[in-house]
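Contents: one structure, followed by commentary.
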Amino acid sequence: LPGDRATSELIIGWTYDKIGDFDKAIHHYKETIRSYSENPIMASFAYSYLAKSLAEIQEKDSALYYCQLANDIPDKPYWVMVLSNLSIGRAHAILGNKYEALKYYNSAKINSEGAEELQYWLFEITLEEAKLYQNIDEIDSAIVFGYEALAIAENVGFYSNIIDANRFLA
């Protein structure tokens with residue numbers, strides 16, 4: 001089935017992105033799009049993840065193009081909006097568009113609040129906000145968001161996230 005292949009390609013791309021092999025990640029995200037671009041959920045993930053990987057290799061115009069494609073997909077479920085906006089925010093942060101990144105992080109956060117199944121992603125969003133505030137020398141805000149991320153991790157018992165938040169705050 002095309003959906004199964006697209007899902008596999010998406011996961012392989014995400015894995016390559018996580019280990020820093022952005023060229024291979026980009027290849028697999030494009031395969032996801034070729035395999036199953038009619039599915040708004042798969043397309044939203046593929047476009048936003050592709051945008052982030054393109055930003056990593058400083059392909060600014062292409063990254064922004066795919067950010068826009070991901071953003072333009074209508075009627076996404078709230079959880080897809082959360083993950084898509086987190087990736088778009090990360091792409092903007094990498095490209096130096098700090099305030100645009102904060103806009104997408106905020107949108108992702110609004111859509112994830114109250115959804116118990118998205119607490120891991122709420123932690124990720126909040127820690128990304130803390131890092132971004134640190135990068136723009138708004139240290140007080142960085143500390144506030146760092147402690148907020150720590151509280152989320154402690155509340156739901158994500159031990160690796162507790163360690164990540166403590167590392168950031170150290």
- Query: Is there a chain of hydrophobic side chains (I, L, V, M, F, W, Y, each step under 4.5 Å between heavy atoms) that links Ile57 to Leu50?
  - Reply: yes
- Correct closest heavy-atom pair for Ala149 and Ala165 would be C-CB, 4.4 Å
- Task: Walk me through it: do Tyr47 and Ile73 pass the test side-chain contact (heavy atoms from CB on, under 4.5 Å)?
- Result: CA-CA 10 Å; Tyr47 292 151; Ile73 294 173; 3.8 Å; yes
- Query: Hey, are the side chains of Tyr29 and Phe45 touching, using non-hydrogen atoms and a 4.5 Å cut-off?
  - Reply: no
- Query: Would Phe22 and Tyr16 count as a close aromatic pair, with their ring centres under 6.0 Å?
  - Reply: no
- Item | Distance in Å, Asp75 CG paired with Met81 CE, rounded so as to fall on 0.5 Å steps | 10.0 Å
- Query: Tell me, do Glu138 and Leu132 make a side-chain contact under 4.5 Å, heavy atoms counted?
  - Reply: no
- What are the two closest non-hydrogen atoms of Ala101 and Gly89, and how far apart are they? CB-O, 3.2 Å
- Stepwise side-chain contact (heavy atoms from CB on, under 4.5 Å) check, Ile143 with Ile139: CA-CA 6 Å; Ile143 291 169; Ile139 302 305; 3.8 Å; yes
- Note, Thr32 side chain near Met42 side chain (heavy atom, < 4.5 Å): yes
- Message: If you compare all heavy atoms of Ala130 against all heavy atoms of Gly146, which two are closest, and at what distance to 0.1 Å?
- Response: CB-N, 3.5 Å
- Task: Compare all side-chain heavy atoms of Ile41 with those of Trp79 and state whether any distance is below 4.5 angstrom.
- Result: yes
- Residue pair Glu124 / Tyr120, side-chain donor-acceptor N/O under 3.5 Å: yes
- Can you find a pair of side-chain heavy atoms, one from Leu122 and one from Gln119, that are under 4.5 Å apart? yes
- Query: Does the Asn166 side chain pair with the main chain of Ile162, one donor and one acceptor, at a distance under 3.5 Å?
  - Reply: yes
- Query: Would the number of heavy atoms belonging to other residues, nucleotides or ligands and lying under 6.0 Å from NZ of Lys98 be above 12?
  - Reply: yes
- Query: Got a second to check how far Asn97's CG is from Glu100's CD, nearest 0.5 Å?
  - Reply: 6.5 Å
- Is any side-chain heavy atom of Tyr133 less than 4.5 Å from a side-chain heavy atom of Leu102? yes
- Which distance, rounded to the nearest 0.5 Å, do you find between the OH of Tyr104 and the CD of Glu129? 15.0 Å
- Atom pair CD1/CG of Ile88 and Leu83 - distance to nearest 0.5 Å: 11.0 Å
- Item | Gap separating the CZ atom of Arg90 from the CG atom of Asn85, nearest 0.5 angstrom | 12.0 Å
- In one Ile/Leu/Val/Met/Phe/Trp/Tyr side-chain cluster, 4.5 Å: Val80, Leu118: yes
- Where do Arg34 and Glu31 come nearest, in terms of heavy atoms and distance? NH2-OE2, 2.9 Å
- Message: Quick check against the 3.5 Å criterion: does Asn111 have a side-chain atom that pairs as donor or acceptor with the backbone of Ser107?
- Response: yes
- Would the number of heavy atoms belonging to other residues, nucleotides or ligands and lying under 6.0 Å from OH of Tyr65 be above 12? no
- Query: Is Leu86 linked to Val156 within one hydrophobic cluster, defined over Ile, Leu, Val, Met, Phe, Trp and Tyr using a side-chain heavy-atom separation of less than 4.5 Å?
  - Reply: yes
- Message: Does Asp164 form a side-chain contact (heavy atoms from CB on, under 4.5 Å) with Phe123? I'd like the steps, not just the answer.
- Response: CA-CA 10 Å; Asp164 290 344; Phe123 166 82; 4.2 Å; yes
- Kindly compute the distance separating OG (Ser141) from CD1 (Ile136), expressed to the nearest 0.5 Å. 7.5 Å
- Task: Flag the pair Leu64 / Leu95 as yes when at least one side-chain heavy-atom distance between them is below 4.5 Å, and no otherwise.
- Result: yes
- Linking I/L/V/M/F/W/Y whenever their side-chain heavy atoms sit closer than 4.5 Å, directly or via other members, would Tyr99 and Ile110 fall into one cluster? no
- Looking only at non-hydrogen atoms, find the nearest pair between Ala93 and Tyr105 and report the distance. CB-OH, 3.8 Å
- Backbone of Glu59 reached by a side-chain donor or acceptor of Ser62 within 3.5 Å: no
- Query: Which heavy atom in Phe168 sits nearest to a heavy atom in Ala142, and how many Å separate them?
  - Reply: CE2-O, 3.5 Å
- Take Asp17 and Ile26 through the side-chain contact (heavy atoms from CB on, under 4.5 Å) test and state the conclusion after the steps. CA-CA 8 Å; Asp17 182 274; Ile26 289 165; over 6 Å; no
- Message: Within the 4.5 Å heavy-atom criterion, are Val82 and Ile125 side-chain neighbours or not?
- Response: yes
